[in-house]
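In what follows, chains carry the letters A, B, and so on, assigned in the order in which the sequence lines appear, proteins first and then strands, with residues in each chain numbered from 1.
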Amino acid sequence: MKTNFQLKKVDFIFNNENDWEEVLSKNLNRSRQDIINELISSELKGRGGAGFPTGLKWKLSADANDETKYVICNADEGEPGTFKDREILSKVPFKVLTAMAICAYVIGAKEGYIYLRGEYFFLQPEINNAINEFEYYCKEINFDFSIKIFMGSGAYICGEETALFESMEGKRGEPRNKPPYPSSYGYMGKPTVINNVETMAHAYTICNYGAKRFYDLGVQYSRGSKLYSVSGDTPKPGIYELELGMSLSDFVDEFGDGDTKAVQVGGASGFLVPRKKFNETTIGYQGKLTGISLPTGGSMMLFNSSRSMYNVLDNYLVFFHEESCGQCTPCRVGCQQLLKGIKSVKNGQKNAQYLDKLLQLAETMQFTAKCGLGQSVANSFSSIVENFREEMIY
Amino acid sequence: MNTVTELIKNLADQHGRQRNNLLPILQGVVEQEKYLSEFSMKAIAKELDMSAAEVFGTATFYSFLEHKKMGRYIIRICKTISCSMKGSNQVLLAIEDMLKISLGETTTDGTFSILQTNCLGFCHQAPAMLINNEVYTDLTPEKVREILSMYINKIKEGAPNEN
C-alpha cells in the first residue's frame, strides 16, 4: 500500500530567529490561558520521543499551587542516532530561550535551566552568550526570569526527566517512580515543566505564527513537523525537518542508498523496521487506522544489506547494558542476560529456541522495568530478533 | 593548603554548598585534575558537610567523572552503532598503535588516555571522538594520526597546561 502522502520538507525551526524580542513581548501581553489554549489546539506533542501533549504539560504546571516553579529544557540528547538538539541550540538558541521564558510566564516560574549533556561542553560558551543577551532584554522589559546551564556528565539515563532532576539535585541519576509527575513534583520537589529542546523550538513557532500553521502540517494525531537526524548507510546524512506522518517507504526513497535493508526508527530504544514493512509503516504518534505508526525522537538510522543485524543488536545491548542505571532488577539483570543470551545463541552454546526465552525476558522487562530505558529495550530487541531471526542464529 | 583542597574550597564558594551544587563541584575538580581521587572526594564531602559515601556514590555514577588517574588528554572514541558502522574500530586501532597503549590505559608520561564512550551525537559525521572537550569528526586512521601528532607537537613545544 503506497500512501498518497508526499514527503514534505518544512522550514520552521531553522528559519530566522531575529524576531524573538517581538515574539517574547507579544506573548507576555497575552493571557496565560490564551497561550495554553493555542498550544493545546496546535496538538504539539513532546519531541523527545515520548510524545506527551505540550499544552497539557504547561497547563498542569500552571494549575499547580506553589510559589516556586521551574522550567527545564532537556538537552541531554543521548539517544544513539540523535543530534538535532545540538543543531537547534547552536543555530537558533534564542527560540529555545524565548519559549522557556513564555513557559515561565504561563506557569509562573522565575528560574529556568538548560540541562546540557557533558558531550556538548563545547557549546556552553555560545549558549551562555545568548543567555546573557536574553536576560539583558528580559530586564529591559521588566520580566523577571533567569536561565542557567546545568552540565551533565555522560549518563544517557539522565535524559529521563526524573533522573535528570535527581542529577541536578546532586544525586545519582536514578529515575523516580511516577506518579508524582514533574508537573506537581519535579526539580527540588517543585512543579516543573520539562521539555525537549525541539519541543521548545516548536512552541516558539506556535506562539509566533499561531496554532493553525503548525496544525495544518502532518496527519491526524500527529500534527506539525519534526526534525529527523539521518545517519547510517545513506548518501546524505544530516538533519532534516519533515512533516509528520510520512510513510517509511517515502523516507527510504529519499534517503536510502538503494539497498536499504532496514531502518531503525527512534534510536536504540526505538523499533527496527525491515524492508518488507516499509510501506505499511508511518512516522507519527499512534492512532493511525491502517498500518503501524511509530513515534520517534527523530533518530533514523539506515542499514544496507552489507550489515549484520546481529552486530547491530549486539551494539545496542552493550549500550543498554552500560547505560542502565542499575536501580531496578529487570533492567540491570535483563540487559546483561539479553546480551549474554544472544552471544551464546550465536556461538552455538544455546539452541535457537533460546531466543524465544529471551523474547519473553524482553517482554517481562517491558512490563516491570521502572523507567523508559528498561521498558524500551524490548522494542529494538523484539523487532530485530523477530524479523532477522536467522541472522541471530547463523 | 593543598592545591586540591583549595580548588574545592573555591568551587564551593563559587557554586554553593548545597547538595544540588555537588555535580558542578565534581565537574570542576575533574576539569582541573582529570579525575577524582579518594582524597578529593573526601575533601568535597567535608567541604559540603555530607557523607563521603554519598559523594562517591554520585561521582561513580557518571561516566565522565573518572575516579582513577587519567592522562592530561582523555581521548574518548564513540563506539555506538553509527560510528561503529563507519569504522570507529580502525580509528581506535590506529590510536592504540600510535600511542602504544591499549583501550583504558594511559601513556607512561601521563599525556594521553584512551577510552570508549557511547553516542556522542555526531552520527552524521561518523566516526567521532572527543579529546577532552574538543570534538573531532569524520575520522579515518590517517586523520586521527594527524590530529594526535598535532597534540604531541604542541606538548613538545611546551604548551602551557590548558584546561
(message) Tell me which of these, A:Glu169, A:Glu323, A:Gln264, has more heavy-atom pairs under 4.5 Å with chain B than the rest.
(response)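 Ranked by heavy-atom pairs under 4.5 Å with chain B, first place is A:Glu169.
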(request) Considering only heavy atoms and a distance below 4.5 Å, find which of A:Arg172, A:Met301, A:Glu119 pairs most often with chain B. (result)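 The option with the most such pairs is A:Arg172.
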(message) Less than 4.5 Å to any heavy atom of chain A: does that hold for the side chain of B:Ser84, its backbone, both, or neither?
(response)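 Side chain only.
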(message) Given heavy-atom pairs under 4.5 angstrom as the criterion, report whether the side chain, backbone, both or neither of B:Val30 touches chain A.
(response)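 Neither; nothing under 4.5 Å.
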(message) Any non-hydrogen side-chain atom of B:Phe61 less than 4.5 Å from a side-chain atom of A:Glu174?
(response)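 Yes. Closest side-chain heavy atoms under 4.5 Å.
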(request) State, with a plain yes or no, whether a side-chain heavy atom of A:Met168 is found less than 4.5 Å away from one of B:Leu23. (result)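 A:Met168 does not reach B:Leu23 side chain to side chain.
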(message) Checking B:Glu66 now: which residues fulfil salt bridge (charged side-chain N to carboxylate O under 4.0 Å, His left out) with it, not counting sequence neighbours?
(response)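 For B:Glu66 the salt bridge (charged side-chain N to carboxylate O under 4.0 Å, His left out) partners, ignoring immediate neighbours, are B:Arg76.
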(message) Which heavy atom of B:Gln27 sits nearest to which heavy atom of A:Ser153, and what is that distance?
(response)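 Answer, listing the atom of B:Gln27 first, then A:Ser153: NE2-OG, 3.0 Å.
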(message) For A:Glu79 versus B:Cys119, what's the shortest heavy-atom pair and its separation?
(response)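 Smallest interatomic distance, heavy atoms only, reads O-SG, 4.1 Å.
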(message) If the threshold is 4.0 Å, N to carboxylate O, is there a salt bridge linking A:Glu322 and B:Lys79?
(response)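 Yes, A:Glu322 and B:Lys79 are salt-bridged.
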(message) Give the interface residues of residues 307-315 of chain A toward chain B, defined by a heavy-atom separation under 4.5 Å.
(response)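 Hits under 4.5 Å: A:Arg307, A:Val312, A:Asn315.
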Side chain / backbone / both / neither for [X] at chain B, heavy atoms under 4.5 Å:
| X | value |
| --- | --- |
| A:Ser167 | both |
| A:Val230 | backbone |
| A:Cys325 | both |

(request) Check for a donor-acceptor pair, side chain of A:Lys171 on one end and backbone N or O of B:Glu54 on the other, with a separation under 3.5 Å. (result)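 Judged by distance alone, no pair lies under 3.5 Å.
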